[in-house]
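Shown next, in structure tokens, is the structure this report addresses.
Below, each value reflects all heavy atoms present in this structure, side chains not excepted, and no hydrogens, waters or symmetry copies. Note on naming: letters A, B, ... go to the chains in the order of the sequence lines (proteins, then strands), and numbering restarts at 1 for each one.
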2 protein chains.
Amino acid sequence: MPKVVDHQARRVQVADAVQELITEQGLDRVTVARTAAAVGFSVGNVQHYFPTKDEMLLFTHERVVQKILDRVSTLGERATRQQLPIRDVVVEGLAEWLPVDPRRRSAHRVTLAFLGRTVDNPRLARSHAETGRLIRSMLATAVRNGKECGEVPQDTDHGLAALELHCLTEGLALQLGSEPDATASRAALDLLTARVQNAFPGRCRQYE
Amino acid sequence: MPKVVDHQARRVQVADAVQELITEQGLDRVTVARTAAAVGFSVGNVQHYFPTKDEMLLFTHERVVQKILDRVSTLGERATRQQLPIRDVVVEGLAEWLPVDPRRRSAHRVTLAFLGRTVDNPRLARSHAETGRLIRSMLATAVRNGKECGEVPQDTDHGLAALELHCLTEGLALQLGSEPDATASRAALDLLTARVQNAFPGRCRQYE
DNA sequence: CCCATAACCATATGCTCATATGGTGAAAAC
DNA sequence: GTTTTCACCATATGAGCATATGGTTATGGG
């Protein structure tokens with residue numbers, strides 16, 4: 001066997017370039033040639049790691065979403081260790097979806113660009129729906145945990161609360177995406193915090 | 001002068017075909033040739049009414065948004081005549097943005113497809129931001145009116161309430177767009193109604 | 001009756017792009 | 001040291017498309 005290369009690493013390298021291209025120029029200015037130039041690969045070499053452009057784009061999309069989900073998980077673990085109120089974790093987790101700094105703005109622009117393609121791409125549509133379900137189920141779990149520990153009133157409908165927080169966050173993200181100033185970011189975070197506080201008004205018994 | 005034709009009518013005819021194409025196949029399957037075929041025009045004739053494809057698309061977008069806004073206006077006028085509670089008008093107005101029936105689903109798919117292009121098209125981005133501002137300002141006015149007539153508590157922040165209702169609606173629209181079943185529609189409308197009820201809990205004094 | 005002109009058409013042109021093709025080089029296995 | 005095979009490359013190929021071009025038709029004004 002000849003020279004051996006970490007395929008996954010190369011694919012990630014390409015995907016990162018695609019993410020940057022989408023962030024700065026939008027999805028339909030992404031071409032295989034431009035991507036190759038951005039990573040410093042030849043067109044043929046990009047083809048070597050991604051047989052089709054579609055695969056390249058899908059991979060990039062999955063990766064961007066996964067990076068956000070990973071951060072949310074990390075957040076959750078840290079919170080468990082430090083015994084933070086669930087409410088705070090939920091706020092921070094949802095804030096990962098808001099375009100409030102360059103990193104999150106990039107992720108938002110990419111997901112938004114792909115969101116527009118769900119109209120004609122069933123695979124993207126499915127992926128998007130599934131991510132949504134995942135987020136809502138995580139939120140619902142948070143609410144149920146909140147009930148157990150005393151942060152959430154017993155009569156709260158966890159499905160409904162999850163739906164509301166998720167929708168509010170997505171709406172805020174869209175709004176910030178087109179109105180990207182510091183005041184708007186502040187307002188969005190305030191509103192988000194207020195609504196989460198509303199759903200988690202109590203105090204966790206276990207930490208007293 | 002030769003045969004005279006209602007230009008605006010032709011442009012609308014083309015735009016309607018574009019809307020249908022986007023709804024069913026997505027924005028990047030729209031070509032001038034396919035559009036022409038859909039209206040029963042020649043390519044050249046479409047060019048006669050829209051010198052460039054971009055103009056054709058922008059016009060279609062504007063038209064779809066305008067149709068929704070017109071419906072909302074009509075709703076407002078009818079409500080004033082019939083002295084309906086503001087809360088009900090707000091719910092119905094916001095529901096115009098939810099993909100809960102074929103007409104609204106079509107509008108939603110079109111706006112979503114264009115939304116994805118705001119990433120690289122500043123003109124679309126501006127248009128989208130402006131529409132958002134308009135919606136929020138209408139909502140803020142509704143809240144202020146609600147205060148005057150007694151439906152809304154005096155200490156409500158109308159800007160914040162408007163932002164919340166707008167974001168919630170956009171989030172719900174996205175969610176329904178990817179989960180288009182009757183149960184989800186019901187849940188979305190229920191949640192929307194509940195949140196509006198929350199902002200407009202009182203009774204209008206003037207109708208007593 | 002005539003001609004200017006809007007409406008409309010078929011097809012040409014030229015660009016961009018994804019993907020195909022036919023390579024080279026180098027290193028590991030034997 | 002030869003062979004195999006992976007990594008990588010330059011360029012060819014051909015499809016799809018927006019737009020340009022050079023028409024024809026028909027109608028209302030003179």
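With rounding to whole Å, B/Asp54 atom CG is found 13 Å from D/dT19 atom C1'. To the nearest angstrom, P of D/dA7 lies 11 Å from CZ of A/Phe41. Taking atom CZ of A/Phe50 as the reference point, atom C1' of C/dA20 lies 19 Å away to the nearest angstrom.
Here the closest heavy-atom approach between residue B/Ala140 and residue B/His158 is recorded as O-CB, 3.9 Å. A/Gln19 and A/Ser106 get closest at one heavy-atom pair: NE2-OG, 2.9 Å.
In this structure, B/Arg29 reaches neither bases nor backbone, as no heavy-atom distance under 4.0 Å exists between it and the strands shown. Among the heavy atoms of the strands lying under 4.0 Å from A/Tyr49 are primed sugar atoms or P, OP1, OP2 only; no base atom is included.
Residue B/Asn45 is the one, among B/Asn45 and A/Pro51, whose nearest nucleotide of DNA chain C lies closer to the 5' end (criterion: closest heavy atom).
For B/Lys53, the side-chain atoms get nearest to D/dA18 when compared with the rest of C/dC9, C/dA7, D/dA18. For A/Val32, taking side-chain heavy atoms from C-beta onward, the closest of the listed nucleotides C/dA18, D/dC8, C/dA7 is C/dA18. Here C/dT19 is the nucleotide among D/dA20, D/dC8, C/dT19 with the atom lying nearest to any side-chain atom of A/Val43. The nucleotide whose nearest atom lies closest to any side-chain atom of A/Val5 is, among D/dA7, D/dA18, D/dT19, D/dA7. Of all nucleotides listed (D/dA7, C/dA7, C/dA18), C/dA7 comes nearest to the side chain of B/His48. When distances run from any side-chain atom of B/Arg34 to the nucleotides D/dC17, C/dC8, D/dA20, the shortest one goes to D/dC17.
Here A/Asp70 does not pair with A/Lys67 in a salt bridge; the nearest charged N to carboxylate O distance is not below 4.0 Å.
Regarding contacts with the backbone of D/dC6, every side-chain N or O of A/His7 stays at 4.0 angstrom or more from both OP1 and OP2. In this structure, B/Arg10 reaches the C/dC8 phosphate: one of its side-chain N or O atoms is under 4.0 Å from OP1 or OP2.
Annotation: the span from B/Arg63 atom CZ to B/Leu58 atom CG amounts to 15.0 Å, rounded to 0.5 Å.
Remark: the B/Thr52 side chain and the B/Asp54 side chain contain no N/O donor-acceptor pair separated by less than 3.5 Å.
Between the side chain of A/Gln47 and the base of C/dA20, at least one donor-acceptor pair of N or O atoms lies under 3.5 Å.
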